[in-house]
Amino acid sequence: MEFRWLLFVLISSSVVIITKSQTTTKDPDWSDVVVTMVGTEVTLPCVDWPLMGSVSINWKMKSPSVDHWKLVLSANERQQFSGAASKASMRLVDSNFQETGDFSLLFVPKMEDKGRYSCLIIQQEKKLREKIILLAVLTVSIFPSATLPQHSTLRLMADVSPASAISEVTWLSPGGTPLRLAKRTGGGVAKLPQIRPTDQGVYICQVYPKGNSSTHMFPFTVDLRVDDINVASFTNISHSTQISMASLTQTPLTLACPPKRGDYVLLFWKPPDSRNTTTLVYGYDRWRDRTEQSKTHAQLSLDGPLSTPKEGFFSFLLSPGLNDGGLYMCEVFLNDNVFSQRTLLSILQVKARHSPSALVLTCQYTERSQVKRVVWSHQNQSRTLKWSSSGPGRLSTEVPLSPTQDTAGNYTCTMLLRNGQAVKAVYTVKLPPKDTHTVLHTFGGNGNRQACVFPFVFLGETYEGCTTEGRSDGYRWCSTTYNFDKDKKYGFCPNRENTESTTSVSPPHPESNSASLLPSLSALLLLVPLVAAVAGVLLWRQKDISRRGIEQSLSHYSGEVENIYENPEDVRQTSPQGSVYMDLKPRGQDDVYEELDR
């Protein structure tokens, strides 16, 4: 019983698999495919070997919408007559078909002539051979016309019926380049926006049949011309409500475009606070996948939220500079329609510069036409700031040098638009560091070994730490007052790279390359005896330690020697007993490291 049940299951599974396989891999019920256009003479091939004896041929036709066959034409060696489905243009290619074996049918089709055709060869009242041919009709539509005005959008539409007859339709440009195609059942649409005279020529529509076919591909040509005089005009323009917005410099923002699927997009720009004409700064054609971008807007990209350019939806991402404000116009083109979105953009930034007596904070803003008010404020709201303006779009306030607890903190410039939108830029003024452990004493220079003052001003710029700016020799230095530009007091920051030569280095200056070369050579000459002296001291000390039996490693003392590079004053504060240390004493051009007696 169990064996019979297992056998039944296996047989049932096999039947299901075989049935499914036959369903999915079944070939079309035709042996050949022919694709033609309405009004173009076509031949349905039916060729066999020459036959002996009495032979007759029957051509029948079945439309896609019906289930029965209709007689088209019947002939034998003596006569030929037409059936109910015959057309006036239908005839056999060769009336002597019995001797040549060519039973092909020729006619000029209409759209209703599409469908299956049967070529049935009969000999002595017996079916000798039958061939089923599927006739498909291609329709090509061209818009706007075969002669195109410049800058118009060319639309090449190809549709094949019945759609089951083909696997693919493609278009080639006059140069042989494949055009992008929006596929649909039985064909597709290819577009070429902004047509130019260089785009004219012969375009080829290639139709690839499905299933059995004696022809791999059917080509059809279309000759297009571009009008040298007429230019397309777009009068159907839809405008969206204008957007007013503001942003800080270098802060990414979105420039919106109309939420419409388009063929291509153009972005125009009018500079801020000017009456200049608009210029094209970005263009993208999704059908050609071609981008045009102005060098003035290199920071502009087609990467806005929900932007899928190749699908026809656009928005831009901009990281603006101060002068990138103004009026932006995004225009999306679809066939003969235009959708427009305008954005008025104001940009805000804060710049800081140092005068001899104060830190000057200037609030700069562009596209003043939509700005209602600009104000400066301090984090301490009870403190009143004084403002001044050196020109349109500029508002300044001053912070005294050497900031105190009252003057330090956040300074905020607020720009308010007429639509109520506000944007703020914050500049922070810091207090000098109070931690005594971070005090950095200098070497050399003219600062009399005073500690570095951070931040300090050099050539109008603020520095929060030691710098090599203004030098060509790489030595790090700092100002010993808050404003080097005013006081000219400086010293060199202690580290292993520059302490040996700090006393012979010239003051910092952007053009001190040649001036600092000779002192550097002097430092190298002084380094040689210095190294020899250190080596001698270490050797002598090692012998002295072994003689006295002190069980301490030399590395302990070398650690103390290294401390001189970080803070020499700390070394001098340690107990001198049992220690060897180095001291750097500035003495003009003859400064050297000297060993001190224990």
Side-chain angles (χ1 to χ4, degrees), residues 352-360 398-408 428-513 515-520 522-523 526 562-573 582-594:
R353 65 179 180 86
H354 291 84
S355 70
S357 60
L359 173 66
V360 181
E398 294 187 357
V399 182
L401 292 182
S402 300
T404 63
Q405 191 70 35
D406 293 333
T407 60
T428 302
V429 177
K430 299 179 180 179
L431 286 170
K434 295 181 178 180
D435 189 356
T436 56
H437 296 288
T438 61
V439 172
L440 189 62
H441 291 276
T442 61
F443 292 86
N446 60 2
N448 297 323
R449 298 176 64 88
Q450 294 296 314
C452 294
V453 174
F454 298 124
F456 66 89
V457 179
F458 173 58
L459 295 181
E461 297 292 333
T462 301
Y463 293 84
E464 301 287 344
C466 296
T467 181
T468 60
E469 290 296 323
R471 306 200 59 81
S472 62
D473 48 24
Y475 294 126
R476 297 167 63 249
W477 66 278
C478 66
S479 175
T480 55
T481 66
Y482 180 74
N483 194 335
F484 176 84
D485 295 341
K486 176 183 177 181
D487 302 320
K488 307 297 182 184
K489 296 295 183 180
Y490 75 100
F492 291 93
C493 300
N495 58 44
R496 290 174 177 81
E497 285 73 24
N498 65 11
T499 50
E500 292 89 343
S501 58
T502 55
T503 56
S504 60
V505 181
S506 59
H509 191 277
E511 300 178 356
S512 61
N513 296 358
S516 60
L517 180 60
L518 291 177
S520 299
S522 301
L526 291 174
E562 288 183 354
N563 287 337
I564 183 66
Y565 295 109
E566 301 299 331
N567 194 340
E569 298 296 327
D570 293 341
V571 176
R572 294 190 182 92
Q573 295 172 5
M582 310 291 290
D583 191 9
L584 179 64
K585 297 183 178 180
R587 297 178 181 175
Q589 297 295 326
D590 297 325
D591 287 348
V592 293
Y593 284 109
E594 292 185 359

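If you read the sequence from its start, that first residue is 1, and numbering goes on from there. Predicted model, so just to flag it, every value in this text is computed and none were measured.
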(message) Taking Q450's backbone N and O only, do any of them form a donor-acceptor pair with N448's side chain (distance below 3.5 Å, no angle check)?
(response) no
(request) Would you name the heavy atoms of N483 and S355 that are closest together and state the gap between them? (result) ND2-O, 3.8 Å
(request) Check E398 against A358 and note the closest heavy-atom contact, atom names and distance. (result) OE1-CB, 3.8 Å
(message) I need the K489 NZ to F484 CZ distance, nearest 0.5 Å.
(response) 10.5 Å
(message) Donor-acceptor check, side chain of D485 to backbone of G460, threshold 3.5 angstrom: yes or no?
(response) yes
(request) Check whether any side-chain heavy atom of L401 lies under 4.5 Å from a side-chain heavy atom of H354, and answer yes or no. (result) yes
(request) Check whether any side-chain N or O of N446 sits under 3.5 Å from a backbone N or O of G491 as a donor-acceptor pair, and report yes or no. (result) no
(request) Give, for atom CD of E469 and atom CD of E461, the distance between the pair rounded to the nearest 0.5 Å. (result) 9.0 Å
(request) For the residue pair T480 and Y490, establish whether any side-chain heavy-atom pair is separated by less than 4.5 Å. (result) no
(message) I'd like to know whether C466 forms a side chain to side chain contact (heavy atoms under 4.5 Å, CB included) with F454, so could you lay out the CA-CA distance, the side-chain angles of the two residues, the decisive distance to 0.1 Å, and finally the verdict.
(response) CA-CA 9 Å; C466 296; F454 298 124; 4.0 Å; yes
(message) Show the nearest heavy-atom pair for residues K430 and E464, with the distance to one decimal.
(response) CD-OE2, 4.4 Å
(request) Tell me, please, whether F492 has R476 positioned over its six-membered ring: NZ or CZ under 6.0 Å from the ring centre and within 45 degrees of its axis? (result) no
(request) Work out which heavy atom in F443 is nearest to a heavy atom in P494; give both atom names and the distance. (result) CE1-CB, 3.1 Å
(message) Using a strict SG to SG cutoff of under 2.5 Å, would you count C452 and C478 as disulfide-linked?
(response) yes
(message) Minimum heavy-atom separation for P403 and L431, please, with both atom names.
(response) O-CD2, 3.4 Å
(message) Going by the rule ring-ring contact (aromatic ring centres under 6.0 Å, His included), which residues pair with Y463 if we only count those two or more places apart in sequence or in a different chain?
(response) F456
